[in-house]
Number of protein chains: 4
Amino acid sequence: MEFQIDSNSSSPIYSQLREQFREAVARGQIEPGARMPSVRDLSRRLVVNPNTIARAYRELELEGLLLTRQGVGVFVAQPKAELTQQVREKRLVEAVDQFLTEAIHLRFSQADIAEIVAERAEGFRW
Amino acid sequence: MEFQIDSNSSSPIYSQLREQFREAVARGQIEPGARMPSVRDLSRRLVVNPNTIARAYRELELEGLLLTRQGVGVFVAQPKAELTQQVREKRLVEAVDQFLTEAIHLRFSQADIAEIVAERAEGFRW
Amino acid sequence: MEFQIDSNSSSPIYSQLREQFREAVARGQIEPGARMPSVRDLSRRLVVNPNTIARAYRELELEGLLLTRQGVGVFVAQPKAELTQQVREKRLVEAVDQFLTEAIHLRFSQADIAEIVAERAEGFRW
Amino acid sequence: MEFQIDSNSSSPIYSQLREQFREAVARGQIEPGARMPSVRDLSRRLVVNPNTIARAYRELELEGLLLTRQGVGVFVAQPKAELTQQVREKRLVEAVDQFLTEAIHLRFSQADIAEIVAERAEGFRW
DNA sequence: GTGGTCTAGACCACC
DNA sequence: GTGGTCTAGACCACG
């Protein structure tokens with residue numbers, strides 16, 4: 001996959017990488033089992049400190065989205081559902097509320113929201 | 001209004017306060033013109049340094065949500081719209097995509113999403 | 001760039017720094033992408049507490065004129081326009097009226113004003 | 001004259017009063033010799049602390065725009081030019097530069113500026 | 001090395 | 001009483 005580092009962003013690089021990966025997975029642009037570029041390789045291509053790449057990979061592994069096979073490489077993990085129903089719902093509610101708060105401050109209407117959600121949802125993999 | 005500080009959160013205190021205020025406004029739980037607790041008062045109640053409270057208030061003022069009257073106190077501002085259509089749409093799209101990414105990782109369906117959005121939207125002020 | 005602190009001024013230090021930076025940008029003396037002196041460095045040179053420098057930088061970042069890359073440094077941002085036409089015009093009118101009020105109290109004629117505006121405008125970047 | 005207190009402004013009340021008076025004089029809306037409302041009277045009408053009115057009057061008197069005749073009242077002063085040519089020019093240049101800096105950040109063109117200056121100048125008394 | 005956060009405490013400005 | 005500014009200094013996050 002292609003990572004884009006936005007140096008105009010205030011969010012740290014390791015975090016941008018992690019979020020881009022999460023979004024690419026959600027969009028179905030990355031297949032489970034696929035091999036990720038090595039830390040050193042990606043570090044050279046993006047001109048980023050290897051520690052930064054390693055941190056992004058480490059956090060994605062902790063989240064269960066990547067799998068490191070020692071001496072072999074880093075791979076996209078098979079998705080598995082580990083969270084309880086309760087936790088999943090709590091997190092979803094938090095995410096929705098955060099989104100709605102932002103939408104209201106941007107002065108969009110409830111109809112606008114429904115529309116944009118449906119529209120953008122098409123770019124994801126359900 | 002009631003502020004809650006989560007000391008386990010990685011998000012800084014001033015930022016937690018700002019976000020809680022933004023959400024309360026979006027929910028219509030705070031009326032424009034209302035008086036906010038004084039910096040010193042809130043500082044004592046939350047057991048947080050006054051400078052930290054002041055920073056949250058100051059940033060909300062720069063954002064146009066609060067309004068300080070020197071020597072008098074801090075008040076909730078009248079809402080106004082200053083951003084261009086283009087910027088508003090860009091920010092909304094970012095917020096939606098972030099929300100949808102999260103929702104998919106939590107393994108909710110497109111139907112679930114539409115439902116939860118409609119459901120939670122009821123708690124906000126459109 | 002060279003900052004000058006006027007300790008006789010009633011305007012706070014962080015504000016003087018912010019205004020000087022804004023003017024330097026308007027004069028085209030600062031290129032987008034250029035690196036700003038580090039907080040600690042400027043703090044030493046101006047003999048001012050680092051927090052004060054950081055506050056000036058932070059506010060310029062919120063205004064969209066600077067951009068911080070964590071652990072790397074502070075940089076001059078690419079300019080962008082985010083305000084609505086209405087707000088821009090309102091602020092311009094306020095600025096003009098303030099200027100004209102001052103000019104009249106200084107007893108300059110309308111012709112003087114037109115001349116000085118044209119003259120000083122040459123030092124700026126249009 | 002009619003004073004308007006903008007409680008949505010971050011500038012202190014005494015300062016708002018002073019600036020409004022200065023602008024009214026520059027617009028020719030106030031005649032030299034005219035009687036100003038008493039501190040107590042204005043204080044009641046504007047629902048403002050008498051100390052605040054007194055401070056505005058005091059600063060305008062220091063600036064030479066008002067004249068207090070003990071036991072009689074406060075009057076609009078005859079304009080007199082006390083500043084040297086050098087000081088007048090220095091202040092004008094500062095005012096112009098400040099205005100131009102703002103105009104550029106609001107992304108107006110040099111032509112826009114000339115136009116708005118001429119337009120707004122009509123409301124003032126030259 | 002860079003900036004970010006938070007505390008403690010002094011002093012000032014405003015009403 | 002209110003908030004605003006500035007300092008000094010500790011500790012953390014980032015690359």
Side-chain angles (χ1 to χ4, degrees), chain A residues 5 7 9-17 43 46-56 59, chain B residues 5 7 9-18 35-43 46-59 61 66-75, chain C residues 5 7 9-18 35-43 46-59 61 66-75, chain D residues 5 7 9-17 43 46-56 59:
Chain A
I5 292 178
S7 51
S9 164
S10 62
S11 97
I13 296 176
Y14 82 88
S15 179
Q16 291 185 37
L17 297 176
S43 149
L46 300 178
V47 193
V48 155
N49 191 305
N51 290 330
T52 303
I53 308 290
R55 171 156 185 191
E59 297 201 354
Chain B
I5 291 178
S7 45
S9 165
S10 64
S11 135
I13 297 175
Y14 78 90
S15 184
Q16 292 183 37
L17 298 177
R18 197 182 53 196
R35 183 184 194 133
M36 294 294 290
S38 81
V39 169
R40 286 161 168 89
D41 177 28
L42 195 53
S43 145
L46 301 179
V47 195
V48 155
N49 189 288
N51 284 329
T52 304
I53 309 291
R55 174 162 182 190
Y57 278 8
R58 190 189 324 132
E59 295 201 354
E61 175 155 23
L66 286 183
L67 180 165
T68 296
R69 283 153 66 186
Q70 255 290 36
V72 183
V74 178
F75 299 82
Chain C
I5 291 178
S7 47
S9 165
S10 65
S11 139
I13 297 176
Y14 79 89
S15 184
Q16 292 184 36
L17 298 177
R18 196 183 53 196
R35 183 184 193 134
M36 293 294 289
S38 82
V39 169
R40 286 161 168 88
D41 177 28
L42 195 52
S43 147
L46 302 178
V47 194
V48 156
N49 189 289
N51 283 330
T52 303
I53 308 291
R55 174 161 181 192
Y57 278 8
R58 192 191 322 133
E59 295 201 354
E61 175 154 21
L66 285 182
L67 179 165
T68 296
R69 284 152 67 187
Q70 254 290 36
V72 182
V74 178
F75 299 82
Chain D
I5 291 178
S7 52
S9 163
S10 62
S11 99
I13 296 175
Y14 81 89
S15 178
Q16 291 184 39
L17 298 176
S43 148
L46 300 178
V47 195
V48 154
N49 191 306
N51 290 330
T52 304
I53 309 289
R55 170 156 185 190
E59 296 201 354

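Lettering follows sequence order; numbering is per chain, from 1.
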Calculate the interatomic distance between [X] atom [atom1] and [N] atom [atom2]; express it in whole Å.
{"X": "C/Arg35", "N": "E/dG1", "atom1": "CZ", "atom2": "P", "answer": "13 Å"}
{"X": "B/Leu66", "N": "F/dT2", "atom1": "CG", "atom2": "P", "answer": "17 Å"}
{"X": "A/Ile53", "N": "F/dC14", "atom1": "CD1", "atom2": "P", "answer": "15 Å"}
{"X": "C/Gln70", "N": "F/dA13", "atom1": "CD", "atom2": "C1'", "answer": "6 Å"}
{"X": "B/Arg40", "N": "E/dA10", "atom1": "CZ", "atom2": "C1'", "answer": "12 Å"}
{"X": "C/Glu59", "N": "E/dG3", "atom1": "CD", "atom2": "P", "answer": "17 Å"}
{"X": "C/Ile5", "N": "F/dT5", "atom1": "CD1", "atom2": "P", "answer": "15 Å"}
{"X": "B/Leu42", "N": "E/dC6", "atom1": "CG", "atom2": "C1'", "answer": "15 Å"}

[X] side, atom [atom1]; [Y] side, atom [atom2] - distance, nearest 0.5 Å:
{"X": "A/Ser9", "Y": "C/Arg69", "atom1": "OG", "atom2": "CZ", "result": "10.5 Å"}
{"X": "B/Leu66", "Y": "B/Arg18", "atom1": "CG", "atom2": "CZ", "result": "11.5 Å"}
{"X": "D/Ile13", "Y": "D/Asn51", "atom1": "CD1", "atom2": "CG", "result": "12.0 Å"}
{"X": "D/Thr52", "Y": "D/Leu46", "atom1": "OG1", "atom2": "CG", "result": "10.5 Å"}
{"X": "B/Arg58", "Y": "C/Arg58", "atom1": "CZ", "atom2": "CZ", "result": "6.0 Å"}

Subject >> C/Thr68 backbone acceptor or donor facing C/Glu61 side chain under 3.5 Å >> reply: yes

Original post:
Side chain of D/Ser43, backbone of D/Asn49: donor and acceptor closer than 3.5 Å?
Top reply: no

Using the side-chain heavy atoms of [X], tell me which of these nucleotides is nearest: [options].
{"X": "D/Asn49", "options": "F/dA8, E/dT2, E/dC15", "value": "E/dC15"}
{"X": "B/Ser38", "options": "E/dC15, E/dT2, F/dT2", "value": "F/dT2"}
{"X": "B/Val72", "options": "E/dC6, E/dC15, F/dG4", "value": "E/dC15"}

[N] phosphate, OP1 or OP2: any side-chain N/O from [X] under 4.0 angstrom?
{"X": "B/Thr68", "N": "F/dG3", "result": "no"}
{"X": "C/Arg55", "N": "F/dC6", "result": "no"}
{"X": "C/Tyr14", "N": "F/dC6", "result": "no"}

**OP:** Quick one: label C/Arg58 by what it contacts on the DNA or RNA (base, sugar-phosphate, nothing), any heavy atom closer than 4.0 Å.
**Re:** nothing

Original post:
Across the strands shown, which category fits C/Arg69 at heavy-atom distances under 4.0 angstrom: base, sugar-phosphate, nothing?
Top reply: nothing

Original post:
How far apart are the closest heavy atoms of C/Ser38 and C/Asp41, and which atoms are they?
Top reply: OG-N, 3.0 Å

Original post:
Of A/Val48 and C/Ser15, whose nearest nucleotide on DNA chain F comes first from the 5' end?
Top reply: C/Ser15

**OP:** Starting from the 5' end of DNA chain F, give me the residue, B/Tyr57 or C/Gly71, whose nearest nucleotide shows up first.
**Re:** B/Tyr57

Original post:
Want to settle it: does D/Thr52 or C/Glu61 sit nearer the 5' end of DNA chain E, counting the closest nucleotide to each?
Top reply: C/Glu61

**OP:** Take C/Asn51 and C/Pro37, find for each the nucleotide of DNA chain E with the closest heavy atom, and name the residue whose nucleotide sits nearer the 5' end.
**Re:** C/Pro37

**OP:** Could you summarise the pairing of DNA chain E as dot-bracket text, marking Watson-Crick and G-U pairs under 3.5 Å with ( ) or [ ] inside the strand and | across strands?
**Re:** ||||||||||||||.

